[in-house]
Amino acid sequence: MPSLKDMRNRINSVRATRKITSAMKLVAGSKLRRAQEYAEAARPYAAKMASMLANLAAAVRAQGEAPPLLAGTGKEDSHLLVVATADRGLCGAFNSSIVRAVRKRIEELKSQGKTVKLVCVGRKGRDMLRREYGDLIIEFLDGIAGKRRIGFADAERVAQKLLELFEAGEFDVATIVFNRFKSAMVQIVTFKQLIPVEAPEVAAESEGVRAIYEFEPDEERILSELLPRNLAVQIYGALLENAASEQGARMVAMDNATRNAGEMIERLTLRYNRQRQANITKELIEIVSGAEAL
Amino acid sequence: MAETLNVEVVDPERVIVSAAVEMVVLPGAEGDFGVLPLHAPLVSLLRPGVVSLFENGRPVRQFFVAGGFVEVSEQGCTVLAQGVEPLEEISRAAAEQALKDAEEDLADAKAPSEEERARLERAVAIARARLEAVSQAAS
């Protein structure tokens with residue numbers, strides 16, 4: 001039986017925890033809003049880039065010569081997974097759901113006899129995968145996920161790394177894994193293929209328009225500039241979605257934690273009061289029966 | 001003619017300007033060119049230089065871009081730029097300093113790899129274009 005003092009300490013400690021979690025919830029809430037704004041602001045560029053790429057890809061494919069970034073290396077023996085996670089924990093199932101999906105994918109690919117390599121962006125993903133698949137992790141990019149604002153330069157850094165690896169023939173297919181932000185409650189683990197580029201289809205109604213684009217200097221040179229750029233844009237988009245998802249997940253997790261702490265405090269307080277009352281009653285009985293015995 | 005052209009300048013992080021103007025002059029990879037309303041559909045690379053939006057025959061807003069792409073379609077003209085700065089916000093001294101730094105970086109690089117060298121040379125070219133843009137705007 002814990003003493004009254006123990007129980008009081010316990011209640012105070014849960015109260016302190018609740019204070020922390022509710023503060024974290026508020027912080028995550030405001031960060032979420034900001035992260036969403038950034039993701040929103042980045043959308044026009046990505047959309048335009050996609051439509052431009054679609055036009056170019058169609059034009060180049062008509063001529064039959066497509067660079068490897070677009071057409072692939074012609075085989076798909078070696079897969080690279082870019083695992084984008086957060087740098088911090090305390091955000092519910094955010095990191096573990098990504099890692100779980102990655103594990104599943106690795107096993108699938110392995111069972112098909114393919115080689116898998118990993119590039120980790122974000123500390124948590126690396127920490128969780130290191131034990132099992134430490135030998136597969138070929139690169140770890142730190143200090144991106146934890147930033148206040150993920151800049152395009154960060155995405156370019158990742159893209160640069162991928163391009164180097166691709167040119168060195170380290171992999172045939174690259175896929176990025178991240179959490180797509182649906183709402184603060186719902187994040188969907190998403191696999192998006194980066195290399196070869198999944199060329200977005202040209203919208204049907206613009207079919208006629210496409211043919212009369214003029215290209216300057218020419219399709220291939222534009223494409224050779226556009227593809228690496230597009231890679232960075234795709235990664236940037238994924239990182240931003242991921243950042244928003246992280247804050248959303250954390251907000252929900254902290255909200256739950258705050259609520260649980262509240263319930264626990266209620267329960268403990270009830271028990272504390274009962275105990276106190278029982279003690280008083282016991283003391284009274286002792287006094288009364290002592291007096292009677294005289 | 002009262003026709004106007006919808007222009008958007010976007011960089012990966014945000015939309016920088018979205019306006020309807022009379023004409024845009026762009027630093028194309030193969031020379032500057034102007035885009036008027038009803039221009040034929042076009043996709044072009046940009047070199048480092050100045051994007052100018054014209055209204056009533058005079059440039060109303062000018063931006064320095066470090067590079068990028070432009071798409072002209074029926075809907076208007078979209079500039080996908082990188083390293084965008086409003087021209088009036090670049091100080092000449094800063095531009096000079098940046099060029100000097102870039103040149104020094106290139107000179108200091110000991111036995112750079114081919115890519116490294118290309119990257120540094122590109123940085124110098126951008127810095128030079130930036131300085132040129134500022135000096136021209138001042139004169």
Side-chain angles (χ1 to χ4, degrees), chain A residues 37-56 58-60 149-156 159-160 163-164 167-168 205-206 208-230 232-237 239-240, chain B residues 6-19 25-35 38-49 65-85 112-116 118-120 122-123 125-126:
Chain A
E37 275 166 25
Y38 294 153
E40 202 63 53
R43 231 158 259 161
Y45 191 92
K48 207 71 214 172
M49 185 69 108
S51 78
M52 225 188 223
L53 187 64
N55 281 319
L56 273 163
V60 170
R149 169 163 200 182
I150 297 169
F152 188 68
D154 299 316
E156 272 183 325
Q160 197 55 45
L163 287 174
E164 277 167 28
E167 264 152 38
E205 75 266 27
S206 64
V209 182
R210 188 186 70 208
I212 44 174
Y213 267 102
E214 257 175 62
F215 295 103
E216 195 187 290
D218 54 59
E219 291 92 327
E220 264 136 67
R221 266 199 49 205
I222 298 180
L223 208 51
S224 70
E225 289 268 337
L226 191 74
L227 283 172
R229 190 98 190 130
N230 181 59
V233 170
Q234 297 291 341
I235 293 171
Y236 185 54
L239 290 179
L240 287 177
Chain B
N6 293 317
V7 182
E8 275 196 339
V9 181
V10 254
D11 87 349
E13 286 171 16
R14 70 212 151 96
V15 176
I16 288 159
V17 66
S18 173
V25 173
L26 298 156
E30 296 182 340
D32 288 9
F33 61 92
V35 176
L38 302 175
H39 192 285
L42 167 83
V43 173
S44 173
L45 273 178
L46 298 181
R47 64 184 162 73
V65 298
F69 313 91
V70 61
E71 183 189 30
V72 183
S73 68
E74 283 169 351
Q75 286 86 46
C77 170
T78 313
V79 183
L80 298 179
Q82 28 197 299
V84 184
E85 288 170 279
S113 65
E114 207 170 301
E115 285 144 41
E116 183 69 4
R119 196 179 62 77
L120 290 170
R122 200 166 173 160
I126 289 172

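Values below: every heavy atom of this structure, side chains too, minus hydrogens, waters and symmetry copies. Per chain, numbering begins at 1; letters A, B, ... match sequence-line order.
- In this structure, the portions of A:Phe152 lying under 4.5 Å from any heavy atom of chain B include both its backbone and its side chain.
- Between A:Glu156 and B:Pro12 the shortest side-chain heavy-atom distance does not fall below 4.5 Å.
- For A:Arg229, the part sitting under 4.5 Å from any heavy atom of chain B is the side chain, from C-beta outward, and nothing else.
- Looking at B:Glu8, there are no atoms closer than 4.5 Å to chain A (heavy atoms on both sides), in backbone or side chain.
- For A:Arg221, the CZ atom sits in a loose shell: 12 or fewer heavy atoms of surrounding residues, nucleotides or ligands are nearer than 6.0 Å.
- For A:Leu240, no part lies near chain B; criterion is any non-hydrogen pair under 4.5 Å.
- Comparing A:Glu164, A:Lys48, A:Arg149 by how many heavy-atom pairs each has under 4.5 Å with chain B, the most go to A:Lys48.
- Taking 4.5 Å as the limit, some side-chain heavy atom of A:Tyr45 sits within range of a side-chain heavy atom of A:Val233.
- In this structure, B:His39 and B:Phe33 have tilted ring planes: the angle between them lies in the 30° to 60° band.
- Note: A:Pro217 leads A:Ala42, A:Pro217, A:Pro44 in heavy-atom pairs under 4.5 Å with chain B.
- Residues B:Phe69 and A:Leu226 are in side-chain contact: their nearest non-hydrogen atoms beyond the backbone lie under 4.5 Å apart.
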